[in-house]
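Data first, discussion second: the structure below is written as structure tokens.
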Amino acid sequence: MRRLLVTGGAGFIGSNFVHHVIEHTDHHVTVLDKLTYAGNLASLDGLPTDRFTFVEGDIADAALVDRLLADADAVVHYAAESHNDNSLNDPRPFLDTNIIGTYTLLEAARRHGTRFHHISTDEVYGDLELDDPARFTEDTPYNPSSPYSSTKAGSDLLVRAWVRSFGVEATISNCSNNYGPYQHVEKFIPRQITNVLRGIRPKLYGAGENVRDWIHADDHSSAVLTILDKGEIGQTYLIGADGEKDNKSVVELILTRMGQPGDAYDHVTDRAGHDMRYAIDSTKLRTELGWQPQYRDFEAGLAATIDWYRKNEPWWAPAKDGVEAFYASKGQ
Ligand code: NAD
Ligand code: TDX
């Protein structure tokens, strides 16, 4: 049994990870989460009280972080400001949480000798052309495009420096786009599903040709547990499940699955600096650590996700109107 501190555990991927850990291990989990607009305690409903503790707080609060790391065997660091569109509107919280917050955790891990796993994104590598056969690997140079991805890139580099200069026992994973339950309605797939449920037409940025490499959040969780157990200190692992799809195809799949004509969507103002394509080569994780994704059928995973949003309107409805008002103010 290990004592895990999971930052950002009330968010989308963090909460999926907490459920996964409780189901598949005997670890104890403490979640540290600030409960920003993106955090939702309802995502952690039903967890056994003897295995799970929730602490509301900021990862940039050095005293609190120091106290929590003193009692943890490992930190899995998900907490972040995570939405590109918000980072274009107001970058400051991205610097505070993604850079200063990560720095604060690393300093505590250094003092306490705590194992550290840093959760990051493929967006640190910038984007690929649509006709480029290449995919990102652990050796791809960093080239982030947005305030969000640049702060994630900065946080990755901090982790690498704390490994090299101070001997912090850290690993990093960079994952592709996640989908599944508990994802905030500001993000692409939940926005379009809940739009259809509300009788609003899905909104596609620009021409909709941009490609994302989709992975189910539960596969991300199993990969992170694998790295925590078997990963080599100081190493970076890319996580992906060979799920490349263009945005237009995803919207068409959502519409037809929900009984609507496949072309019943609107093209709206494109995102500034919109990355064209992400694609992950996860050979290192698969061959060196033996990880495999379980969700290999995107359409089946998407159908289950649609069902989840249908059944869980009380979870997403409180955020929906505010998110749509924000997008409307941007012509999106
Ligand atoms: P999310 O926005 O759904 O959740 C973030 C969580 O962090 C929320 O619960 C929020 O309350 C919490 N948080 C924010 N600032 C905090 C602070 N200062 N202190 C404590 N808690 C704070 O994000 P997500 O989509 O679940 O992403 C989680 C992590 O995974 C992020 O690090 C993100 O960069 C990374 N990631 C996401 C994806 C994706 O597809 N969503 C892909 C690859 C990597
Ligand atoms: O309404 C929309 N219409 C649309 O066409 C929205 C919200 C998005 N899009 C497009 C933009 C992207 O090409 O869909 C794609 C996915 O958009 P997001 O869900 O905002 O994700 P993305 O910007 O790709 O970033 C996500 O994956 C990598 C996560 O939000 C990041 O946290 C993660 O690092």
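Whatever order the structure lists them in is the order used to number ligands and atoms, beginning at 1.
- Here the shortest heavy-atom distance to atom 38 (C) of ligand 1, taken over Val65, Ile189, Ile13, Val124, belongs to Ile13.
- Hydrophobic clustering (ILVMFWY, side-chain heavy atoms < 4.5 Å, transitive): Val76 and Trp162 are in distinct clusters.
- Contact atoms of ligand 1 toward Leu35: 11 (O) (distance under 4.0 Å to a heavy atom of the residue).
- With hydrophobic clusters built from ILVMFWY side chains whose heavy atoms lie under 4.5 angstrom apart, Ile215 shares a cluster with Phe12.
- By the neighbour-count criterion of 12 heavy atoms within 6.0 Å, atom CD of Gln292 is densely surrounded, having more than that number from other residues, nucleotides or ligands.
- Scanning all protein heavy atoms for the shortest distance to atom 1 (P) of ligand 1 gives Ser82 OG, 3.5 Å.
- Atom 30 (O) of ligand 1 has its closest protein heavy atom at Ile119 CG2, 3.4 Å.
- Between Phe298 and Tyr179, the ring centre distance stays below 6.0 Å.
- Just one residue in the list Asp71, Asp229, Asp73 forms a salt bridge (charged side-chain N to carboxylate O under 4.0 Å, His left out) with Arg2, and that residue is Asp229.
- Proximity of Asn98 to ligand 1, defined as any heavy-atom pair under 4.0 Å, is not found for any part of the residue.
- The ligand atoms of ligand 1 that sit less than 4.0 angstrom from a heavy atom of Thr121 are 43 (C), 44 (C).
- The nearest heavy-atom contact from the protein to atom 11 (O) of ligand 1 is Asp33 OD1, 2.6 Å.
- The closest approach between any non-hydrogen atom of Asn177 and ligand 1 is below 4.0 Å.
- Where the criterion is an N or O separation shorter than 3.5 Å, residue side chain and backbone included, Asn40 fails it with respect to ligand 1.
- The protein heavy-atom contact nearest to atom 40 (O) of ligand 1 is Asn178 N, 2.9 Å.
- If you check which protein heavy atom lies closest to atom 33 (C) of ligand 1, you get Tyr148 OH, 3.5 Å.
- In this structure, the protein non-hydrogen atom closest to atom 3 (O) of ligand 1 is Phe12 N, 3.0 Å.
- Between Trp315 and Trp308, the two ring planes are perpendicular [angle over 60°; tilted spans 30° to 60°].
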Starting from the N and O atoms of ligand 2, collect every protein N/O partner closer than 3.5 Å and put each pair on its own line with the distance to 0.1 Å.
residue: ligand 2; atom: 1 (O); partner: Arg191; partner atom: NH1; Å: 2.8
residue: ligand 2; atom: 1 (O); partner: Gln192; partner atom: NE2; Å: 3.1
residue: ligand 2; atom: 1 (O); partner: Lys203; partner atom: O; Å: 3.4
residue: ligand 2; atom: 3 (N); partner: Lys203; partner atom: O; Å: 2.8
residue: ligand 2; atom: 5 (O); partner: Tyr205; partner atom: N; Å: 2.9
residue: ligand 2; atom: 13 (O); partner: Arg212; partner atom: NH2; Å: 3.2
residue: ligand 2; atom: 13 (O); partner: Asn247; partner atom: ND2; Å: 2.9
residue: ligand 2; atom: 13 (O); partner: His274; partner atom: NE2; Å: 2.7
residue: ligand 2; atom: 14 (O); partner: Asn247; partner atom: ND2; Å: 3.4
residue: ligand 2; atom: 19 (O); partner: Phe188; partner atom: N; Å: 2.9
residue: ligand 2; atom: 20 (O); partner: Arg271; partner atom: NH2; Å: 2.9
residue: ligand 2; atom: 23 (O); partner: Asn84; partner atom: ND2; Å: 2.9
residue: ligand 2; atom: 23 (O); partner: Arg271; partner atom: NH1; Å: 2.6
residue: ligand 2; atom: 24 (O); partner: Asn177; partner atom: ND2; Å: 2.9
residue: ligand 2; atom: 24 (O); partner: Arg212; partner atom: NE; Å: 2.7
residue: ligand 2; atom: 25 (O); partner: Glu123; partner atom: OE2; Å: 2.7
residue: ligand 2; atom: 27 (O); partner: Glu123; partner atom: OE2; Å: 3.4
residue: ligand 2; atom: 27 (O); partner: Asn177; partner atom: OD1; Å: 3.4
residue: ligand 2; atom: 27 (O); partner: Asn177; partner atom: ND2; Å: 3.1
residue: ligand 2; atom: 30 (O); partner: Ser82; partner atom: O; Å: 3.4
residue: ligand 2; atom: 32 (O); partner: Ser82; partner atom: O; Å: 2.8
residue: ligand 2; atom: 32 (O); partner: Tyr148; partner atom: OH; Å: 3.0
residue: ligand 2; atom: 34 (O); partner: Thr121; partner atom: OG1; Å: 2.7
residue: ligand 2; atom: 34 (O); partner: Tyr148; partner atom: OH; Å: 2.5

Apply side chain to side chain contact (heavy atoms under 4.5 Å, CB included) to residues His20 and Leu225 and explain how you reach the verdict. CA-CA 9 Å; His20 187 96; Leu225 263 188; 3.7 Å; yes
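- At the shortest separation from atom 21 (N) of ligand 1 among protein heavy atoms lies Lys34 N, 3.0 Å.
- When every heavy atom of Ile172 is checked against every heavy atom of Ser120, the shortest pair comes out as CG2-CB, 4.4 Å.
- Heavy atoms from other residues, nucleotides or ligands lying under 6.0 Å from CZ of Arg257 number 12 at most.
- Residues Arg111 and Asp66 are paired through a salt bridge, judged by an N-O separation under 4.0 Å between the basic side chain and the carboxylate.
- Close approach of ligand 1 to Ser176 (heavy-atom distance below 4.0 Å) involves ligand atoms 42 (C), 43 (C).
- A cation-pi contact, defined as under 6.0 Å to the ring centre and within 45° of the axis, links Arg191 to Tyr327.
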Verdict with reasoning, Arg110 to Val168, per side chain to side chain contact (heavy atoms under 4.5 Å, CB included): CA-CA 6 Å; Arg110 169 153 84 113; Val168 168; 3.8 Å; yes
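- Tyr78 and Phe17 have tilted rings, their planes meeting at an angle from 30° to 60° on a 0 to 90° scale.
- Close N/O approach between Ile59 and ligand 1 is found [any backbone or side-chain N/O within under 3.5 Å].
- In this structure, the ring of His28 has its center no less than 6.0 angstrom from the ring center of Phe52.
- Under a 4.0 Å heavy-atom criterion, Ser15 is not in contact with ligand 1.
- Taking atom 44 (C) of ligand 1 as the reference point, the nearest protein heavy-atom neighbour is Ser120 O, 3.1 Å.
- Val250 and Leu204 end up in the same hydrophobic cluster when Ile, Leu, Val, Met, Phe, Trp and Tyr side chains are linked at under 4.5 Å.
- By the criterion of a heavy-atom distance under 4.0 Å, the side chain of Lys152, and not its backbone, is placed next to ligand 1.
- The aromatic ring centroids of Tyr182 and His184 lie 6.0 Å or more from each other.
- An N or O contact shorter than 3.5 Å links Thr36 to ligand 1 by distance.
- Annotation for ligand 1: atoms under 4.0 Å from non-hydrogen atoms of Gly11 are 3 (O), 4 (O), 6 (C), 8 (C), 9 (O).
- Ring pair Tyr295/His216 is parallel by interplanar angle, where below 30° counts as parallel and above 60° as perpendicular.
- Ligand 1 places these atoms under 4.0 Å from at least one heavy atom of Asp58: 17 (C), 18 (N), 19 (N).
- Under a 4.0 Å heavy-atom criterion, Gly57 is in contact with ligand 1.
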